[in-house]
Amino acid sequence: MEKQIIVTIGREFGSAGHEIGEELAKRLGIKFYDRAIVEDIAKHTGIDEGLIEKHDEKSRVPFLSRTVRGYSNSMEDVIFELEARFIREKADQGESFVLIGRNGDGILKGRPGLITVFVRGDIEEKTARVMEKYNLSKADALEKMKRHDKTRKEYHNSKYETKWGDSRTYDLCINSSPIGVEITTDILEKYILSRVEKD
Amino acid sequence: MSLAAISSIIVFLVMFILVISEKFEKHLVTLSCGGIMLIVVFGAIMRDGDAIADTLNFYSLVNPNFWIGEAPDTSGIDWATIIFLGGMMVMVEGLSKAGFFNWLCMTLAKMVSYKKMPLFITFMIVSAILSMFIDSITVILFLAAVTVELSKLLNFNPVPMILSEIFCANLGGSATMCGDPPNIIIGSKLHYSFIDFVLNTGVIAGICLVVIVIYFYLVYRKEFSTSNEEIDYSSMPSPKDAITSKFYFFGNTIIFVCAIVMLITHANTHLSVAFIGASVALATSIFNIKHIKEILSKVDYKILLFFLGLFIVVGGLEKTGILEAIAGFISRVSGGNAKVMIAIVIWISAIASAFVDNIPFAATMVPIIKGLSVGNPALQATLAWTLSIGTDIGGAATPIGASANVVGTAVAGRAGHPISWGKYCKTAVPAAIIVVGMSMLLIYLRYC
């Protein structure tokens, strides 16, 4: 693909946003970045991978860090800065990619070729998916979903004025539950290709 | 306890919690709480217009002695501290724009032939010396950045060097009146001069610096013991390249030297710190008139507004008698024994400053010290030096205790060397305990 396409996908836990993003990257023939960027950053900086994972996609813990003249020494903020730099570098290099989470919509805001997507799902569908994937009881699955969504929301909203999951934050918000992964991916692919053509 | 006293405590606690939670910008927090203190506590509850006027303290600005002469004894907003800090910030921005700090760091690195161990020792000492005159945030901002740069070229881990620099910056800051914001507050409110600090906290800090350099040498000697034989020295950045303009470099350096001379001699010349701050700001502004917009835009005006609000809130505690009550409590606990008072002040200051911003803590403690030493100027001076050492060194113990620690660890993190609480405290806590313990003994030996 000649034009640079950057698709960022925010997602509710259990909404299959990750699967959809992976499939979308395959269809568009572009790179796919998810949690695995942690490995790349660890390799590049020499920081312990476990340490990055521990603070990845999390907002700062209050009272344990401070910000002075825009410099924050929160481990979560430091990891965010490193991830943001990695993502910006990839975008600056002209690479096309699909990025899952990591506040991609905020980090890359205003870049040409950026398409921001949010995938949500119905509670029953999401619960069933999480129960199956992680072999959990319904109560545990619900608890896990609630916890992860809260963390993601706090992580996003602590960095940017736009709100996580709010339709005004993204180009496209979609509920994957009624139509499934395949059709959701079809719709997103069509939307992206139309945007590329129009731009 | 009166309604006014209870209300002022609530306002203070709300301010304190909101400041350390960082939910809102801290200058907005202190200004809002300051506004509540003036309107609700002084206005609605106490109906005391004089308390509002005293706390705002505008009249001190038109008192000639505020600028030259014996500074008036006031409570509430300490305009001298605010003007001095603002002036020094303008001067530091001028120096920074001319490339002074990078030039200094690179010159020192070249002087020790880029050898790791001498570099490690030199940067610790430079960090302490620079922090005596310039705010430690700026010192660490430049030193840490240069350390990261050199670590890439010389192939070493910058974290031990940055941690040592941070600690020494805090220690150096305790040596003078302008080294650390708590000292400016202590000096300005209690009328101590630059030289008073040098002869008291300066001596203690100097002795402790020798011990701390040895301590960090012993802790990190293995990190810097390997020689850098394969390094191509010709690839090292030249100190001259750091200078953006010779004209501005020399001009701003002269202003810096003049500021130091004025500070050292202000007890004799009777120029107040407010006068010195205003003069250096004016001189820097005129000299750098072409770049004045850029320089002024970089001044951290938020910290000045933070101070403004903070002084009003602490003034509220003072006017409602809370700080007097705390002083009375400490006096009763210590049984009037100076040694016990010193131990209480130094350890409480150190422990509190390790976890909360040491600026509001020092601002709160100054009136308490005044209350503890009514009619005893020698005790007031001793407790002032004790508070200074306690807050400055306690602040060095954790990553959040002082602003320099935050900036240093953040610079390291951004460069791909995140510093966890564990890593930071492993060396800083023992160092802080050593310095606070040593300082307490030195204070006992000299003043008791």
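Lettering follows sequence order; numbering is per chain, from 1.
- Between chain A and the residues B:Thr409, B:Val406, B:Ile419, the largest count of heavy-atom pairs under 4.5 Å involves B:Val406.
- For A:Thr67, the parts lying under 4.5 angstrom from a heavy atom of chain B are both the backbone and the side chain.
- Between chain A and the residues B:Asn405, B:Ile400, B:Val411, the most heavy-atom pairs under 4.5 angstrom are made by B:Ile400.
- When the candidates A:Glu81, A:Met75, A:His44 are compared by the number of heavy-atom contacts under 4.5 Å with chain B, A:Met75 comes out ahead.
- Between A:Trp164 and A:Phe118, the ring-plane angle classifies as perpendicular under the 30° and 60° cut-offs.
- There is no contact between B:Lys23 and chain A, counting heavy-atom distances below 4.5 Å.
- Considering all non-hydrogen atoms of both residues, A:Ile192 and A:Ile5 come closest at CG2-CG2, 3.9 Å.
- In the displayed structure, A:Lys58 atom NZ is contacted under 6.0 Å by more than 12 heavy atoms of other residues, nucleotides or ligands.
- Contacts of B:Leu141 with chain A are made by side-chain atoms alone, with heavy-atom separations under 4.5 Å and no backbone atom involved.
- Classification of A:Glu182 and A:Arg27 as a salt-bridged pair holds, one side-chain N sitting under 4.0 Å from a carboxylate O.
- In plain terms, the two heavy atoms of B:Pro158 and B:Val148 that are nearest each other are CB-CA, 4.3 Å.
- Between chain B and the residues A:Asp77, A:Ile47, A:Leu51, A:Ile41, the largest count of heavy-atom pairs under 4.5 Å involves A:Ile47.
- Crowding of A:Glu49 atom CD: a count of heavy atoms from other residues, nucleotides or ligands under 6.0 Å exceeding 12.
- For A:Leu64, the parts sitting under 4.5 Å from any heavy atom of chain B are the backbone and the side chain alike.
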